[in-house]
Number of protein chains: 2
Amino acid sequence: MSQSVEWSVHCCLALAWIETDQPVSVAALSTWFDLPRAYLNKGLQALVRAGILTSHPGLRGGFRLARPPEQITLLDIVVAHEGREDAFRCTEIRQRGSGVDPAAPEFRRACAVTTAMRKADLAWRRELAAQTVADLMAAAPQAAAARTRRRHQSLRG
Amino acid sequence: MSQSVEWSVHCCLALAWIETDQPVSVAALSTWFDLPRAYLNKGLQALVRAGILTSHPGLRGGFRLARPPEQITLLDIVVAHEGREDAFRCTEIRQRGSGVDPAAPEFRRACAVTTAMRKADLAWRRELAAQTVADLMAAAPQAAAARTRRRHQSLRG
DNA sequence: GCCGGTATACTCGGATATATTATGTCCGAGTATATGTGG
DNA sequence: CCACATATACTCGGACATAATATATCCGAGTATACCGGC
């Protein structure tokens with residue numbers, strides 16, 4: 001899985017802990033987490049396209065959460081990066097080779113292999129969808145939230 | 001996910017349906033499924049290293065299942081290709097940046113983000129481990145098994 | 001007819017290219033702010 | 001002192017390189033078979 005997913009989740013957490021409407025620049029976030037600024041920006045753009053964040057150009061610009069942390073799931077963030085399609089791609093190799101009629105009734109039903117894989121994929125997605133950014137905020141230690149707010153304060157000073 | 005996973009599962013199904021101890025060459029398998037022979041071989045080698053298949057060189061050589069279909073899970077096959085580690089890689093970015101003491105007590109506990117991701121990963125693995133090749137044999141239409149056996153017969157003729 | 005040695009055709013296995021994707025970098029368009037100027 | 005035009009510094013956004021990985025291919029080492037000659 002893309003590294004950007006991890007970065008994005010931590011950035012969303014930080015933006016949620018700030019508890020303010022003023023945007024946070026990618027420069028600040030990249031400094032806080034010691035990440036390559038330009039590439040982090042690329043990842044956050046994906047979240048903007050997915051409607052998870054909103055971006056604001058100009059001085060004092062940056063990124064904000066597009067909606068409350070309770071309404072942002074891990075699945076949302078993962079899908080923003082990896083896309084909505086399953087990790088397992090069925091290419092229907094059961095229909096390949098000579099002497100196979102693609103119109104045969106047996107192919108009306110989905111491939112058994114694909115069905116099994118999709119079942120696992122759905123379980124994975126179900127767990128991701130059950131965890132919101134707000135849940136992570138509650139699970140993380142208070143020190144993490146405090147550190148984020150401290151860092152945010154020291155921006156203006 | 002690697003394409004080889006799909007190929008491997010279908011090959012294991014074929015080997016199970018054959019119901020014989022004589023090995024099947026990668027040449028035959030690649031013909032049956034219309035796949036690149038050499039690259040399919042590479043994928044099956046991974047299964048051999050994982051102990052799922054056994055390989056037999058020489059004339060009339062090929063691949064066999066190393067154990068009964070009931071004892072081969074989808075997780076076994078996936079792990080043989082993708083490795084045992086989680087798709088999500090935690091790089092502990094919570095500890096990065098200036099003014100963070102890596103020895104702080106808060107870091108004794110696992111990263112909340114990683115924990116959430118791992119929970120989803122475990123659910124995925126649980127579903128994969130619950131499905132054996134034998135289960136797939138039962139779920140697939142009889143026509144698939146029959147076609148495989150027919151193909152195997154026509155090898156010697 | 002039977003046995004043993006040998007040639008052979010076929011097998012896997014790993015070393016070697018190519019294509020695709022992920023990662024990383026750079027610079028420009030655009031905007032909110034700060035500043036200076038005139039009223 | 002206030003309003004306004006302007007300059008400016010800072011923002012994101014996408015176009016452009018590089019590294020890593022997945023995909024594909026080729027050729028060699030090794031083996032079970034088939035063949036052939038000798039007994």
Side-chain angles (χ1 to χ4, degrees), chain A residues 1-8 11 15 21-66 78 80-83 85 87-89 91 93 152 155-156, chain B residues 1-8 11 15 21-66 78 80-83 85 87-89 91 93 152 155-156:
Chain A
M1 181 181 311
S2 175
Q3 194 77 33
S4 297
V5 173
E6 182 189 13
W7 302 356
S8 293
C11 285
L15 292 176
D21 274 348
Q22 52 182 307
V24 177
S25 73
V26 70
L29 291 168
S30 67
T31 299
W32 294 354
F33 297 120
D34 192 24
L35 299 175
R37 179 179 53 186
Y39 189 44
L40 174 61
N41 184 21
K42 198 185 188 71
L44 297 184
Q45 283 178 35
L47 298 190
V48 172
R49 281 192 294 272
I52 298 171
L53 300 182
T54 58
S55 64
H56 304 268
L59 198 56
R60 298 268 189 273
F63 292 92
R64 277 191 310 174
L65 292 183
V78 170
H81 285 282
E82 309 289 325
E85 56 198 13
F88 180 86
R89 290 164 294 168
T91 59
I93 76 176
H152 184 235
L155 273 185
R156 323 213 69 179
Chain B
M1 183 181 309
S2 175
Q3 194 78 34
S4 297
V5 173
E6 182 189 13
W7 302 355
S8 294
C11 285
L15 292 176
D21 274 348
Q22 53 182 303
V24 178
S25 72
V26 69
L29 290 168
S30 67
T31 299
W32 295 352
F33 296 121
D34 192 24
L35 299 174
R37 181 179 52 186
Y39 189 44
L40 175 61
N41 184 22
K42 197 183 189 72
L44 297 184
Q45 284 179 34
L47 298 190
V48 172
R49 281 191 295 270
I52 299 171
L53 300 183
T54 59
S55 64
H56 304 268
L59 198 55
R60 297 270 189 272
F63 293 92
R64 277 191 311 175
L65 293 183
V78 170
H81 285 282
E82 309 288 324
E85 57 199 11
F88 180 86
R89 292 164 293 169
T91 59
I93 75 176
H152 184 237
L155 272 185
R156 322 213 70 178

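These figures come from a predicted structure and were not determined experimentally. Sequence lines set the chain letters: A, B, ... in the order given, protein chains first and strands last, and positions in each chain run from 1.
Atom CG in B/L35 sits roughly 15 Å away from atom C1' in D/dT25 (whole-Å rounding). A/M1 places its CE atom 12 Å from the P atom of C/dA22, with the value rounded to the nearest Å. D/dG13 atom C1' lies 14 Å from atom CG of A/L40, rounded to whole Å.
Between B/L53 and B/Q45 there is no side-chain heavy-atom pair separated by less than 4.5 Å. In this structure the side chain of A/R89 reaches within 4.5 angstrom of the side chain of B/Q3, judged on heavy atoms.
Applying the 4.0 Å criterion to OP1 and OP2 of C/dT23, one finds that A/S2 has a side-chain N or O inside that range. At the phosphate of D/dT25, neither OP1 nor OP2 sits under 4.0 Å from any side-chain N or O atom of B/Y39.
Using a 4.0 Å heavy-atom cutoff across all strands shown, B/R89 reaches sugar-phosphate atoms only and no base atom.
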Summary of protein contacts for nucleotides 4-16 of chain C, nucleotide by nucleotide, where a base hit scores B, a sugar-phosphate-only hit scores S (4.0 Å, heavy atoms):
------SBSBBB-

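Proximity of a side-chain donor or acceptor of B/R64 to a complementary backbone N or O of B/Q22 within less than 3.5 Å is not detected.
Pairing analysis of DNA chain C (Watson-Crick: purine N1 to pyrimidine N3 plus N6-O4 or O6-N4; G-U wobble: N1-O2 and O6-N3; both under 3.5 Å) yields stems of 3 or more pairs at C:1-39 with D:1-39.
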Could you please spell out the steps behind the side chain to side chain contact (heavy atoms under 4.5 Å, CB included) verdict for A/W32 and A/C11?
CA-CA 10 Å; A/W32 294 354; A/C11 285; over 6 Å; no

